[in-house]
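Worksheet: the structure to be examined is printed underneath.
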Amino acid sequence: MNNREVARLFSDTADLLEIKGEAIYRILAYRRAAESLSGLGEDINEVWRTKRLRQIPGVGEAIASKIDELLKTGKLTFYEKLAAEIPPSLVEVLKVGDVGPKKAARFWKELGITTLSELEEAASLGRLRGLPGMGERSEARILESIQALSRRETDRISIGVAWPAAQGFLERLRSLPEVAAAEAGGSLRRMRETVGDLDIIVASDSPEPVMKAFLAFPEVERVRGQGETKASVELHDGMRVQLWVHPSAHFGTALQYATGSQAHNVRLRELSLAKGLSLSEHGFKPKKGKDIRCANEAEVYETLGLPWIPPEMREDRGEIKAALESRLPVPIALTDLEGELHAHSDWSDGQTSIEDMARAAAGLGLQYLVISDHSRSLGVANGLSIERLEAQRKVIAAAQKSVRGIRLLQGSEVEILADGRLDYPDEVLAKLDVVVASLHTSLRQPREKVTRRLLNAIRNPHVDIIGHPTGRMVNGREAADLDMEAILTAAVENDVALEINANPERLDLNDAHARRVVELGGLLSINTDAHHPDHFDFRRYGVGVARRAWAPAEAVVNTWPLERLLDWLSARG
DNA sequence: GCCGTTTTCGGCCCGACTGTTTTCAGTCG
């Protein structure tokens, strides 16, 4: 079993225990363990084999022995007993808005409902309204939520969709005269790869007109809830947006609160209580005396004796402890990127010419751009034969003459073939400035075989970067079955950089693996894999992943000035 | 069920909003 599967089992266990009516802190313990496992950069099997399970935050004696049983036998007796008691399909029912554990338990016990479709049927037949505490309106609300759930393609929206959508809301809100400031919060601000909904926080001393303007935006399909400080809407495409409006005087605590993560906020509030202050979105409340209000976030952290913690690091993955001990790293910023090492042109499957790509990159202030088109065997992408690769070199040289302010380099995104060889012979690779080696085919090979292909590429002295190392797609294709610890370790040993592919549909490496690279002291490269000049904009998502991985600029090779980069490349052969 | 420069036992964040209620339970973030 992999990390994700074990995490999923514990998160389902938590849901089932909650429906059963177990003590809440026992449930939270399972959720915390599940969160911790899904953010773990190391393979759980490796941690288990080396007897380090108890070092995982949130894993104590009981959960460690459950992981032990799970990895030893592939089964968990505790879960099987629980699933015999509470139908596991009720976990799906919990996804419906306004349905939590109490209602799910009631539907099941009183009406025999165990699945989403049974709930929908019961609601449309008016069978829910007879239950205690349920009326016609609750029933209608639940029915609407089920329909909204099916209208959404997936549970969570890609950040590549959510980010531009949020900018649209922010621009319009900021243009209102009553609005002093507007920011995105939630998992979007933390740059998670997917978001459940958009959270928008506005500073305004007259909330009414702001709220009114927001509810009247044309994309709004229905209003799910609305109060004095908070409104929640659903858009035509099923996306949910929440708006918080708070006075400017305590915008800091409001933004901090709305940014989360929930686990980070819980830790922060515990820390606050230890100082005799109760922290909420409105400010710090001392046991007696006046409330402390914070107009900006830095003041919130300062009140607790902490440096400001970047939103991407607020996941309760040790950031508060690190901040208390003054060892929180400064993560890379978008402005640290000096160049692009992985971009395509119309020589393979890119949409524009080398020259246009170069102009666009120069316009963004980049110092260098590597044109790395596909190699010969990738026919669907019009991969370059050795002859075309030679010819392309002359065209790049010509473009270099006509575009100023940027250094153009020739690279290649070389196929790692199904048998583990690279798509060009070594003497061809040796002539290239940069070699990005990637897997595109035969991703479903058994673990040992596909791992060996990547290790082979890493050990080739001409390979500089491994492109989108796992092949996974966000909300889509699963990662190849790889021994990641072996791959990351080998990359570090061979001084090969691992790509954080910044395309929001890829984001590969993910944050957990990238953090593991940083822990191991390895190198990363944030690459857009651009097929069009607009794609250079993906850099923000790649930087988001790197910041979530606590990566300093130093660890990312394309933050280096050109001379240093060239030295690194030539030292590698 | 986890965890400890307040603790190895007794704690474990805080508030808004809704619907069905006459004071609150449930859900959400």
Side-chain angles (χ1 to χ4, degrees), chain A residues 10 13-14 17-19 21-36 53-67 78 94-107 128-142 144-145 185-190 195-201 207 211 223-232 240-246 250 253-254 256-285 304-305 316 321 324-325:
Chain A
F10 284 135
T13 299
L17 288 173
E18 201 172 13
I19 294 169
E22 268 287 350
I24 187 65
Y25 290 112
R26 196 176 175 209
I27 292 154
L28 291 175
Y30 280 101
R31 284 220 172 103
R32 163 108 172 95
E35 277 289 313
S36 200
L53 287 177
R54 294 288 299 274
Q55 290 175 20
I56 300 171
V59 174
E61 196 182 340
I63 292 181
S65 86
K66 288 185 173 71
I67 298 175
F78 177 75
L94 288 181
K95 287 187 180 159
V96 178
D98 304 310
V99 176
K102 297 285 182 354
K103 285 181 190 167
R106 183 155 278 162
F107 297 153
L128 303 183
R129 65 185 69 167
L131 297 172
M134 296 279 303
E136 275 182 54
R137 298 177 75 166
S138 303
E139 197 174 63
R141 238 177 125 83
I142 286 172
E144 273 184 358
S145 293
S187 42
L188 181 68
R189 184 156 181 250
R190 304 199 311 278
V195 304
D197 57 13
L198 298 185
D199 298 299
I200 310 274
I201 305 91
M211 203 68 95
V223 178
R224 298 174 70 230
Q226 182 197 357
E228 279 177 40
T229 62
K230 228 170 109 167
S232 173
R240 287 163 304 175
V241 186
Q242 291 207 88
L243 179 74
W244 279 273
V245 186
H246 283 270
H250 66 248
T253 40
Q256 194 289 317
Y257 155 76
T259 299
S261 66
Q262 203 162 349
H264 174 89
N265 286 358
V266 168
R267 297 275 168 247
L268 224 53
R269 286 170 178 191
E270 283 172 0
L271 192 65
S272 187
L273 276 181
K275 293 183 181 293
L277 298 167
S278 165
L279 170 61
S280 79
E281 58 266 45
H282 304 291
F284 292 91
K285 202 186 280 291
L304 295 170
D316 189 26
K321 193 159 184 279
L324 281 169
E325 295 167 1

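The chains referred to below are lettered A, B, ... by the order of the sequence lines, with proteins before strands, and numbering in each begins at 1.
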- Mind calculating the distance between CD (E18(A)) and C1' (dT27(B)) to the nearest angstrom? 10 Å
- Between H282(A) and dC14(B), does any side-chain N or O lie under 4.0 Å from OP1 or OP2? no
- Message: If you count every heavy atom of other residues, nucleotides or ligands that lies below 6.0 Å from R137(A) atom CZ, does the total exceed 12?
- Response: no
- What's the closest nucleotide to the D197(A) side chain, out of dC2(B), dT20(B), dG29(B)? dG29(B)
- Message: Between R32(A) and D316(A), does any NZ, NE, NH1 or NH2 come within less than 4.0 Å of an OD or OE carboxylate oxygen?
- Response: yes
- For T259(A) and R190(A), which heavy atoms make the closest approach, and how far apart are they? O-NH1, 2.7 Å
- Query: Just how far, in rounded Å, is C1' of dG4(B) from NZ of K321(A)?
  - Reply: 12 Å
- Looking only at atom P, what distance separates dG11(B) and dC17(B), rounded to whole Å? 32 Å
- Query: Counting side-chain heavy atoms from C-beta on, which of dG29(B), dT20(B), dT27(B) comes nearest to S138(A)?
  - Reply: dT20(B)
- Message: Starting the side chain at C-beta, find the nucleotide from dC17(B), dC2(B), dT27(B) nearest to A62(A).
- Response: dC2(B)
- Checking all strands, does N265(A) fall into the base, sugar-phosphate, or nothing category for heavy-atom contacts under 4.0 angstrom? nothing
- Message: Could you tell me how far dT21(B) sits from dG26(B) if I compare only their P atoms? Round to whole Å.
- Response: 13 Å
- dG4(B) P sits how many Å from R54(A) CZ, rounded? 11 Å
- Base paired to dG4(B) (Watson-Crick or G-U; both N/O distances under 3.5 angstrom): dC9(B)
- Query: Between the side chain of S272(A) and the main-chain N/O of L277(A), is any donor-acceptor distance below 3.5 Å?
  - Reply: yes
- H250(A) to E281(A) - nearest heavy-atom pair and separation: CD2-O, 3.5 Å
- Item | Donor-acceptor contact present, side-chain N265(A) to main-chain Y257(A), <3.5 Å | yes
- Task: Mark this stacking check for Y25(A) against dC12(B) as yes or no, applying ring centres under 5.5 Å and ring planes under 30°.
- Result: yes
- Rounding to the closest angstrom, what is the interatomic distance between dT7(B) and dC12(B) at atom P? 15 Å
- Message: Taking the P atom in each of dT18(B) and dC13(B), what is the distance between them to the nearest angstrom?
- Response: 26 Å
- Task: Would you mind classifying the nucleic acid contact of Y30(A) as base, sugar-phosphate or nothing, using non-hydrogen atoms under 4.0 angstrom?
- Result: sugar-phosphate
- Task: Rounded to the nearest angstrom, tell me the gap between atom CD in Q242(A) and atom C1' in dT27(B).
- Result: 12 Å
- Message: With rounding to the closest Å, how many angstrom separate the P atoms on dT23(B) and dC28(B)?
- Response: 25 Å
- Task: Would you indicate what E325(A) reaches in the nucleic acid, counting non-hydrogen atoms under 4.0 angstrom: base, sugar-phosphate, or nothing?
- Result: nothing
- Message: Check this one for me: any side-chain N or O of Y257(A) less than 4.0 Å away from OP1 or OP2 of dC28(B)?
- Response: no
- Task: Ignoring backbone atoms, test whether S272(A) places a side-chain nitrogen or oxygen under 4.0 Å from the OP1 or OP2 oxygen of dC13(B).
- Result: no
- Message: Without decimals, in angstroms, what is the distance between L268(A) CG and dC13(B) P?
- Response: 13 Å
- Can you tell me how far P in dC14(B) sits from the matching atom in dT20(B), rounded to whole Å? 30 Å
- Message: Below 30° counts as parallel, above 60° as perpendicular, anything between as tilted: where do the rings of F78(A) and Y30(A) land?
- Response: parallel
- Query: When all nucleic acid strands are considered with a 4.0 Å heavy-atom cut-off, which category describes G186(A): base, sugar-phosphate, or nothing?
  - Reply: nothing
- Message: Without decimals, in angstroms, what is the distance between R32(A) CZ and dG1(B) C1'?
- Response: 12 Å
- Message: Give me the distance, rounded to whole Å, that separates dG1(B) from dT5(B) when you measure between the C1' atoms they each carry.
- Response: 24 Å
- Look at all strands and tell whether P132(A) reaches a base, only sugar-phosphate, or nothing, counting heavy atoms closer than 4.0 Å. nothing
- Spell out, as yes or no, whether a donor-acceptor pair under 3.5 Å connects the side chain of S232(A) to the backbone of R224(A). no
- Message: Quick check on dC13(B): is either OP1 or OP2 less than 4.0 Å from any side-chain nitrogen or oxygen of R269(A)?
- Response: no
- Task: Please state how far atom CZ in R141(A) lies from atom C1' in dC28(B), giving the value in whole angstrom units.
- Result: 11 Å
- Does CD belonging to E61(A) count more than 12 external heavy atoms closer than 6.0 Å? no
- Query: From the list dA16(B), dG1(B), dT27(B), which nucleotide is the closest neighbour of the side chain of T229(A)?
  - Reply: dA16(B)
- Message: Looking at K66(A), I'd like to know whether one of its side-chain N or O atoms comes within less than 4.0 Å of OP1 or OP2 on dG1(B).
- Response: yes
- At under 4.0 Å between heavy atoms, what does E270(A) touch on the DNA or RNA strands: base, sugar-phosphate, or nothing? sugar-phosphate
- Taking atom CD of E35(A) as the centre, report whether more than 12 heavy atoms of other residues, nucleotides or ligands fall under 6.0 Å from it. no
- Message: Here's a test of your reading of the structure: between K285(A) and Q262(A), which maps to the more 5' nucleotide of DNA chain B?
- Response: K285(A)
- Using the closest heavy atom to pick a nucleotide of DNA chain B for each, name whichever of V96(A) or V59(A) lands nearer the 5' end. V59(A)
- Taken to the nearest whole Å, CZ/R190(A) to C1'/dG29(B) is 11 Å
- Query: By a strict heavy-atom criterion of less than 4.0 Å, which residues belonging to residues 273-281 of chain A are in contact with DNA chain B?
  - Reply: L273(A), S278(A), L279(A), S280(A), E281(A)
